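What you are looking at is a predicted structure, and each value in this text was computed from that prediction instead of being measured. Sequence lines set the chain letters: A, B, ... in the order given, protein chains first and strands last, and positions in each chain run from 1.
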Amino acid sequence: MKRVDLILSERELDPVLQAIDQAGCTGYTVMRHVTGRGPRGAVSDNMEFSGLGANAHVIVFCAPELLEPLRSTLRPLLGYYGGIGFVSDAEPL
Amino acid sequence: MKRVDLILSERELDPVLQAIDQAGCTGYTVMRHVTGRGPRGAVSDNMEFSGLGANAHVIVFCAPELLEPLRSTLRPLLGYYGGIGFVSDAEPL
Amino acid sequence: MKRVDLILSERELDPVLQAIDQAGCTGYTVMRHVTGRGPRGAVSDNMEFSGLGANAHVIVFCAPELLEPLRSTLRPLLGYYGGIGFVSDAEPL
Amino acid sequence: MDTSLILQNLLTPPVLFFFLGVLAVLLGSDLEIPAPLPKLFSLYLLLAIGFKGGLELQHSGVGGPVLLTIAAAVLMSLLVPVYSFALLRWKLDGFNAAAIAATYGSISAVTFITAESFLDTLGLHHDGFMVAALALMESPAIIVGLLLVKLAVPAGGEAGQPMRWGAVLKEALLNGSVFLLVGSLVVGVLTAANNPQGAEKMLPFTDKLFYGALSFFLLDMGIVAAQRLRDLRQAGAFLIGFSLGMPLFNAVLGSLIARGLGLEAGNALLFVVLCASASYIAVPAAMRMTVPEANPSFYISTALGLTFPFNIVVGIPLYMALVNRLLP
Amino acid sequence: MDTSLILQNLLTPPVLFFFLGVLAVLLGSDLEIPAPLPKLFSLYLLLAIGFKGGLELQHSGVGGPVLLTIAAAVLMSLLVPVYSFALLRWKLDGFNAAAIAATYGSISAVTFITAESFLDTLGLHHDGFMVAALALMESPAIIVGLLLVKLAVPAGGEAGQPMRWGAVLKEALLNGSVFLLVGSLVVGVLTAANNPQGAEKMLPFTDKLFYGALSFFLLDMGIVAAQRLRDLRQAGAFLIGFSLGMPLFNAVLGSLIARGLGLEAGNALLFVVLCASASYIAVPAAMRMTVPEANPSFYISTALGLTFPFNIVVGIPLYMALVNRLLP
Amino acid sequence: MDTSLILQNLLTPPVLFFFLGVLAVLLGSDLEIPAPLPKLFSLYLLLAIGFKGGLELQHSGVGGPVLLTIAAAVLMSLLVPVYSFALLRWKLDGFNAAAIAATYGSISAVTFITAESFLDTLGLHHDGFMVAALALMESPAIIVGLLLVKLAVPAGGEAGQPMRWGAVLKEALLNGSVFLLVGSLVVGVLTAANNPQGAEKMLPFTDKLFYGALSFFLLDMGIVAAQRLRDLRQAGAFLIGFSLGMPLFNAVLGSLIARGLGLEAGNALLFVVLCASASYIAVPAAMRMTVPEANPSFYISTALGLTFPFNIVVGIPLYMALVNRLLP
Ligand SMILES: Nc1ncnc2c1ncn2[C@@H]1O[C@H](COP(=O)(O)O)[C@@H](O)[C@H]1O
Ligand SMILES: Nc1ncnc2c1ncn2[C@@H]1O[C@H](COP(=O)(O)O)[C@@H](O)[C@H]1O
Ligand SMILES: Nc1ncnc2c1ncn2[C@@H]1O[C@H](COP(=O)(O)O)[C@@H](O)[C@H]1O
Ligand code: NA
Ligand code: NA
Ligand code: NA
């Protein structure tokens, strides 16, 4: 099994979760109110009241063959709006 | 060393943490207010006021030999109440 | 690429993030309001009103050669104030 | 007369803000009241309703008719799940039937509060002991629900997990919302008895602010209820019918009992609302823990997505008309 | 006279608490108001200002001059981005210029609220329909901003992502803060028309608490604005000049229009403040989603780090003096 | 007389809600007030107490006796840690002794506020300058605590980490709660002096709501304190004795000083409460950062798990009786 970690702006969460569903993953987990710094600058949660949102951390455990469809929809999204995605190995407990 | 990621309903957090303690792990980390989707449907935090709770994400770094005791108590729990558990490799920094 | 997970008290977050910047990492992600248990006892978020803070979970994706500088500044910090750091492998999506 | 009562209820700020929340979801606005802010209002409303009920209870005292009314209320919370279960078993398995049945035996504090506001608008008197009835109706239904599971599914859970009765009873009797409501009631009684000045100083918080805070909370309830409406499609026509028909049936039964008890109009309405409302706070939380085999989207979406809005918008004035007609 | 007005504004609790927040950041205090608490106050202020505006609107009615004023306000929200864009293009690329331009065409509800408090302190009357103007000025600027991007950068985004017009329009017209403001206005109108008693019962929440809640929120705004000030160094002298000069220019233009419309002093000040203020709520959120090519630290730090404090502290009394001088 | 005062204190809503919180933990209810809601009440109480204190301070003025009282208060916050340290060193290492000593030198704002409510119930006058004393007693104890570490553990930390004095001083003088309290005091003074109308408009928020908000916060404090009680078992009999005996000793000393200063009964009680209370906000946060060698469960559970409930429930009326007896 593979573990995919995505970190991106909360505002783009909906299309990303849709992409995960469409790729055929059995589930996902979302942590919101995440902050950080990346190539596009720092993201804090102190403007949360403004609707601007902070980052979200999405974790997907999925079969290796789903990586390719995930990659093909997520890469352009992350490329355009910002955010990162990483893959590692994981086995069911 | 091994890294165990557990994602389950906040309401079952107590027995899971007890199981981790009893397996002899030196510690654990808990993130609450986590949402997601799995085989049993979507979990959101907008019913939080009702005491229904969202998910929790538990991380445990432990020695490989502790996996077996962890597995034996956690698998039935996750099987009955829902939730997932994954294992991967990790080295101390 | 490497993935570094750091879990430590929110109150020491600033020097840790500075160390990550100075090691030359391109970014980091921070989750606050994290609780847990470790060798130094349990940490909860029910004293949050007191300014005492809970834990933070920091994730850094970085090139393997940055591990050494990270390690040299972070180890003493975590050793003195408490907290843990683990490294695993990860590939860009 | 019914329609004038309905209009009178519709055009109050709490109900209008509830609609605003529903509309936000229907139109796709990103309006949200992020957790844990709704919890703040939920805790506040329980504390305030309990405290105010306690003040009034201390003044009115606990006589025979009071105890009789409370006993009748508790009886209804035991009875409703039983016949609901029988009906639900017709289409659903034992786990889901029991969970939904328990939900309808218990009560919705926010529906009760909205009914109180409605009575205040009409200038109709109601008593503090009805809050005690509210508090005492939350737990029994949870226990009946679990007994029904036990009876209907003797194996005690697919995975063979033994029923944790200790945990279940604790959840039923000591879950946060029941505890806060009962506790605030007791604090109210003690304060009224010993410290009228302290009661006075609480009023700006527990009284003056109440109507606005209720409106704010109903804005969020509108959002959450509308989000649940979607799940309801999945639930199908039978459950939709149940979640509209059962409150009506319980309301008629409740009105007759209220008449039998000789309650005045205000208390009678509150009694009916207790019978007709379904829990989306204490019971779903308890069911998720104790009957994980049941599908939460069934018992939450019926109680919260349909019965709650129905009661808030149409039910309360309808029950008022019913009470007006039935009471001597 | 200007200085006395400025002092009178400076020494009010809301502005003093704003300073306290700024000071906390400058001195390096760890004072913070953690999310989502500021959201609670932000939602509350929008709900309260909308509801109160609705009550007044119902009483004053919507005559010809009212509609004319609202139309002028909307016109300004369309016009300001156009000439702001032309100016900004001088130094910035199309994406950043359009995003900042949209920000200045839209409005800041908190600046408006602070101006209302200022008027109350002076005892100057103002009307509920100005809240309608406020509500209607938020969206158009977002759409103009996106049209400007379209025109200036015909390729439609580096990565060739097609413009999602549906999402953009939804964001412009239905984003949470616009929706809550407009919705509460309508609730206020309906309540005032049908249920004066309900309106009365809302007042402790929407009216009495308002000044204190505004002060509390401005404490947080002071913290956030001061944190943004740092980004401003990166933005450079041109943007700093813009974020102080543009409000002044818009204020002068706004005063002349207010004079032309024959507005009384209180409404004129509010009109000017709407023109002179820049959005740091609805517009940045929309821009981040729809023009990700623009650098958020530019449009947020100009609107929030400089224009907002300037308006709150110096701008409002200055515009009052301007209005006093220009109005017949 | 003591018992009547104690009962009078016990049966007030704030203390009753505190008990309710304790009871929730003891009975195992899942009642919780999730973060950051308690922070909202904590920030509110500091802002309100500071602002109200500022208004009163402006009216009463700062004469010689006022400065003398404040100086005595600061002196006590320097002195208490020194003799506490000497006593604690008997059983504890230097790090833990210093951290606990600093905790008892500093103050608990909520205990102070509860004492004020108690005085209001008795109808006893007290002055705004006592809030200034409260604000000025928080920081010195932190610095004394660190000097004690320096002296007792010359090596300066096991790992040889050099003491970051800049960070320590900043934490002591500018930590969020001290900053907000002092800042709100200054805002109150400035508002009272220049803008009485603005002060008036703040009252529904800072005054009317205060008692209810305090009660709500004490519900949470009851939960948190009871959770800490468990840690106390680990701490042992010596620390339990210390956390009950030290407040009593400090109270007696404080009463004598209050008598020497010629304070009236209300101010004397507040002075005693400042001496007898221990910090669980500013000091623990500072200690965790600057003396990580000390075990937080020691200094938090003594101050919060035992001394705080003791003061709230029994201490305040006891100190009142003491003051009544000692004052001429
Ligand atoms: N190297 C990294 N390690 C961990 N998180 C990162 C890294 N780079 C970016 N991020 C996260 O991804 C978010 C979006 O990054 P970006 O928009 O590409 O600047 C940042 O705010 C961080 O939270
Ligand atoms: N494939 C998956 N990847 C990531 N998270 C998952 C996955 N499946 C389930 N989860 C998480 O586990 C929770 C419980 O799942 P369940 O109760 O089995 O539906 C879900 O709400 C998700 O947060
Ligand atoms: N073995 C572990 N697995 C996961 N998290 C841990 C572990 N040990 C410690 N932690 C986390 O690190 C925090 C600080 O640990 P410490 O200060 O060393 O006790 C704890 O509060 C936990 O959140
Ligand atoms: Na019912
Ligand atoms: Na504008
Ligand atoms: Na003290």
Side-chain angles (χ1 to χ4, degrees), chain A residues 4-23 28-58 68-86, chain E residues 25 32-46 108-110 157-162 164 167 171 175-180 217 220-221 223-228 230-231 234 279-293 295-301 303-304:
Chain A
V4 181
D5 284 276
L6 306 165
I7 298 162
L8 66 150
S9 170
E10 285 181 339
R11 294 202 67 84
E12 270 76 56
L13 198 51
D14 281 351
V16 166
L17 297 183
Q18 264 174 36
I20 293 169
D21 275 348
Q22 278 161 16
Y28 53 76
T29 292
V30 179
M31 277 160 276
R32 290 178 57 184
H33 312 301
V34 168
T35 60
R37 204 174 60 69
R40 299 193 184 210
V43 171
S44 82
D45 67 347
N46 60 19
M47 293 279 294
E48 193 250 13
F49 68 88
S50 75
L52 202 70
N55 287 332
H57 178 192
V58 181
E68 205 34 56
L70 266 182
R71 190 177 284 138
S72 64
T73 40
L74 289 182
R75 255 200 200 156
L77 252 168
L78 298 178
Y80 185 57
Y81 290 109
I84 59 170
F86 280 88
Chain E
V25 175
E32 70 162 345
I33 300 177
L37 300 181
K39 180 91 179 183
L40 173 66
F41 289 91
S42 161
L43 291 169
Y44 164 78
L45 291 177
L46 290 171
S108 152
V110 181
E158 279 161 7
Q161 293 260 344
R164 300 177 291 158
E171 183 67 31
N175 82 71
S177 67
V178 173
F179 183 86
L180 182 56
F217 186 59
D220 183 61
M221 292 300 294
I223 295 174
V224 179
Q227 287 168 333
R228 287 292 153 178
R230 293 175 193 158
D231 292 357
Q234 183 200 339
S279 167
Y280 46 82
I281 297 201
V283 182
M287 292 300 132
R288 176 143 147 193
M289 195 184 89
T290 51
V291 196
E293 296 91 346
N295 183 346
S297 78
F298 285 174
Y299 51 84
I300 299 173
S301 60
L304 180 54

* Structural part of A:A42 lying under 4.5 Å from a heavy atom of chain E -> neither
* Structure fact -> Closest non-hydrogen contact found for A:S50 with E:A285 is O-CB, 4.1 Å
* To do: Check A:R40 against E:P292 and note the closest heavy-atom contact, atom names and distance.
  => NH1-O, 3.9 Å
* **Top of E:G176, E:P36, E:P296, E:A282 for chain A proximity - count of heavy-atom pairs under 4.5 angstrom** => E:P36
* Beyond-backbone contact of A:F49 with E:M221, side-chain heavy atoms, under 4.5 angstrom -> yes
* Asked: Under a 4.5 Å heavy-atom cutoff, which of E:I223, E:I281, E:D220 has the most pairs with chain A?
  -> E:I281
* Asked: Which region of E:I300, side chain (C-beta onward) or backbone (N, CA, C, O), has a non-hydrogen atom less than 4.5 Å from a non-hydrogen atom of chain A, or is it both or neither?
  -> side chain
* **A:L52 CG to E:M287 CE distance, which is reported to the nearest 0.5 Å** => 12.0 Å
* How close do E:E293 and A:Y80 get, heavy atom to heavy atom, and via which atoms? -> OE2-OH, 2.6 Å
* Would you mind reporting whether A:M47 and E:L304 have side-chain heavy atoms less than 4.5 Å apart? => yes
* Asked: Side chain, backbone, both or neither: which part of E:Q227 has an atom under 4.5 Å from a heavy atom of chain A?
  -> side chain
* Hey, is the main chain of E:R288 close enough, under 3.5 Å, to the side chain of A:R11 for a donor-acceptor pair? -> no
* State the CD-OG distance between A:E48 and E:S42, to the nearest 0.5 angstrom. => 9.0 Å
* **chain A contact via E:F217 - side chain, backbone, both or neither, heavy atoms under 4.5 Å** => side chain
